[in-house]
Each structure stands twice: as C-alpha cells, then as structure tokens.
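Here is the structure we will look at.
Just so it is clear, the values below take in all heavy atoms, side chains as well, and ignore hydrogens, waters and symmetry mates. Naming: A, B, ... by sequence-line order, numbering from 1 per chain.
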Number of protein chains: 2
Amino acid sequence: MEHMDHAEQKHTAIENVSAFLKLLGDPTRMTIVAILSRRECCVCELLEVFDVSQPSISQHLRKLKDANLVKEARKGQWIYYSLQPANPHYALLQEIVGRLPEPSVQLRTIEASQAANRCGNG
Amino acid sequence: MEHMDHAEQKHTAIENVSAFLKLLGDPTRMTIVAILSRRECCVCELLEVFDVSQPSISQHLRKLKDANLVKEARKGQWIYYSLQPANPHYALLQEIVGRLPEPSVQLRTIEASQAANRCGNG
DNA sequence: TGAATATATAAGCAAATAACTATATGGTGA
DNA sequence: TCACCATATAGTTATTTGCTTATATATTCA
C-alpha cells in the first residue's frame, strides 16, 4: 500500500490474527461459533444454550458480526445467524472448530427447546 | 472422570480451547509465540522487539508458561524461553503460526541487537 | 563479599470487557 | 392501529487486563 488515507489504520497480519483469536477467546463466543458451524440459529435458539441474558448474546453476536465472522439473515421477526465463509480467517476457524468436540449437547438443547417451534423450525 | 476431588475444576474442551486462544489473542503474546516458533530467546532479546517494559514481557511470558505453552531453561544469568511441544494445543498452535507471515523483521532486530552479544549468542 | 546484570514479582492505575437492567426498534397479526 | 414478540441498543457496574514504576531475587565476576 502506497499511502494510507484519512483515518485508515494499518494492521499487521499478526494484529489481525490475534484480534480474530481474541474473539474466539471467550467461551460463550467460541460455543456460539461451534454451534453455527453446524447450523444457522436465531438468537432465541442460542439463548436456550447459555445462562446469560438476551442482550448478552446479542452483544456477542454483534462483535462476531462486526468482525465479519458471522452474517445475519432476517426471516420475519427472527434474525438467523450463520458463519460467514467469506471471512479471511474462515479456514483457520474451521481448523479450530474441527478440533473441538461436536456441540451435540447444545444442538440437542436447541432442538428440544420450545424456541425451535416458536421460530417455525420444528 | 468419576468424581472431582478438592478444588479441582471441571473444564470443558471449549473452555480449554478458548482459554488457549485468549492467550494468543494479545498481539504481544502472539508475536512472542511466532518468534519462539523460529528460535528460543531470552527475555532481553525479546525486549528488543517490543516497545514495552521488561516486566511487561516477563508477565506475558509468565502467562504463556502458566498455560504450559512455553518452557524456560536457565543458562547462566539468562533464561531462554522456547515453545513447549508437550502442550495439548501444540498442533493447533503450529497451524496458527503457520498462517502468519514469518517474523523476519523481529528476528533480524534480535540478531542485529546488542542483546545477542550480551547473551553470548553473537 | 559486593557490584553489575538478567529476570521476576509487587503494587497501582487506566482502559477494556462482559455482564446486567431498562428501553428502543422492527416485524406480525388481530 | 395496537398488542405482542424477537432482537438491538443504551447505560451502568464489577472484573479483568496490560501497562507502568519500584523492588526483590538469582547469577556472574572481580
């Protein structure tokens, strides 16, 4: 890059990767990503899995979305989140998730929950 | 595990991996790890690379050591740090470091520094 | 032994983080 | 339009983090 305009910030590759890893360095976000690697979910489904408030999940999703790690798709009143394969770190993310055990417990919790029915996925 | 004695804490695999990724989620520590993946270094060598105080580097190394990500070997008054291949996340660490550009700038800074001579590595 | 060097630890502080409650926004359907 | 639902945002707070300076510890060498 010849020069940097305006407030554009230069980021080294290391800063870039460590910012990405920092996002996965929170167990709630890591779990969300593991779940989304298996199927897209709306917020109310994810909510079934964790012992935290709805705003807390929304805020984690916001960070993942700001980093372009997940994308959202509105379907009626529900917003479905899924992984964003276009992310430059997507391959590494797959590597990491691949080393995790399957999030079977969480997926079963979601599938057994009322949330699935409410969201029209039952 | 049948039961947990004393204050032993149960940690899920996800908590375990995210704690590991959290450590690499700091650019200073990520850089230290990238450097150590190429050669062992003493603290005074690492110090040449960063714009932080010596205690700051020591504290980062402490965290990496507590997580068994690096090991130390005293050689006279110097303590050399290197990666700990016995760590269960070592393969993933290699994956991550392998996706980084070579830390050539840092290695050259170390090699060009007085530190190398002082530590008897020149 | 005592000075010099390398590293670690302690203590304190400002910034970042992740949670919460309260409230706003946006879509659905009577 | 209005009530209801899903989700987002705002504002607050307690905790964690990463840095600093000051000091302690360990090793070498004269």
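- Here the P atom of nucleotide C:dA6 and the CG atom of B:L46 are 14 Å apart, to the nearest Å.
- Residue A:S53 places none of its side-chain N or O atoms closer than 4.0 Å to OP1 or OP2 of C:dA18.
- Per the geometry, CD1 belonging to B:I79 stands 8 Å off P belonging to D:dT27, to the nearest Å.
- Between the NZ atom of B:K63 and the P atom of C:dA8 there is a distance of 15 Å, given to the nearest Å.
- Protein atom OH of A:Y80 is 13 Å distant from nucleotide atom C1' of D:dT7, rounded to whole Å.
- Protein atom CG of A:L61 is 14 Å distant from nucleotide atom C1' of C:dA18, rounded to whole Å.
- Atom CD1 of B:I57 and atom P of C:dT9 are 15 Å apart (whole Å).
- Judged purely by atom type and a 3.5 angstrom limit, B:N87 uses its side chain to pair as donor or acceptor with the backbone of B:A67.
- Here A:R62 does not reach the OP1 or OP2 of D:dT7: none of its side-chain N or O atoms lies under 4.0 Å away.
- Heavy atoms of B:S56 sit under 4.0 angstrom from at least one base atom.
- Distances shorter than 4.0 Å separate none of the side-chain N or O atoms of A:R74 from OP1 or OP2 on D:dT7.
- Straight-line distance from the NZ atom of A:K71 to the P atom of D:dT7: 17 Å, rounded to whole Å.
- Comparing A:Q54 and A:K22 by the nucleotide of DNA chain D whose heavy atom lies nearest to each, the residue mapping closer to the 5' end is A:Q54.
- Counting any heavy atom pair closer than 4.0 Å across all strands shown, A:K65 reaches no nucleic acid atom.
- Regarding A:D66, its CG atom lies at a distance of 12 Å from the P atom of D:dA8, rounded to whole Å.
- The side chain of B:S58 lies closest to C:dA8, out of D:dT28, C:dA8, D:dA8.
- DNA chain D is contacted by both A:Q77 and B:V52; A:Q77 maps to the nucleotide lying nearer its 5′ end (nearest heavy atom per residue).
- Applying the 3.5 Å distance criterion, the base of D:dA8 shares no donor-acceptor pair with the side chain of A:Q59.
- Remark: A:H60 is not in phosphate contact with C:dT17, judged by side-chain N or O atoms under 4.0 Å from OP1 or OP2.
- The side chain of A:Y81 places an N or O atom within less than 4.0 Å of a non-bridging phosphate oxygen (OP1 or OP2) of D:dA8.
- Taking the screw axis at each terminus of the helix from C:dT1-D:dA30 to C:dA30-D:dT1 from five consecutive base pairs, the angle between the two is 20° to within rounding of 10 degrees.
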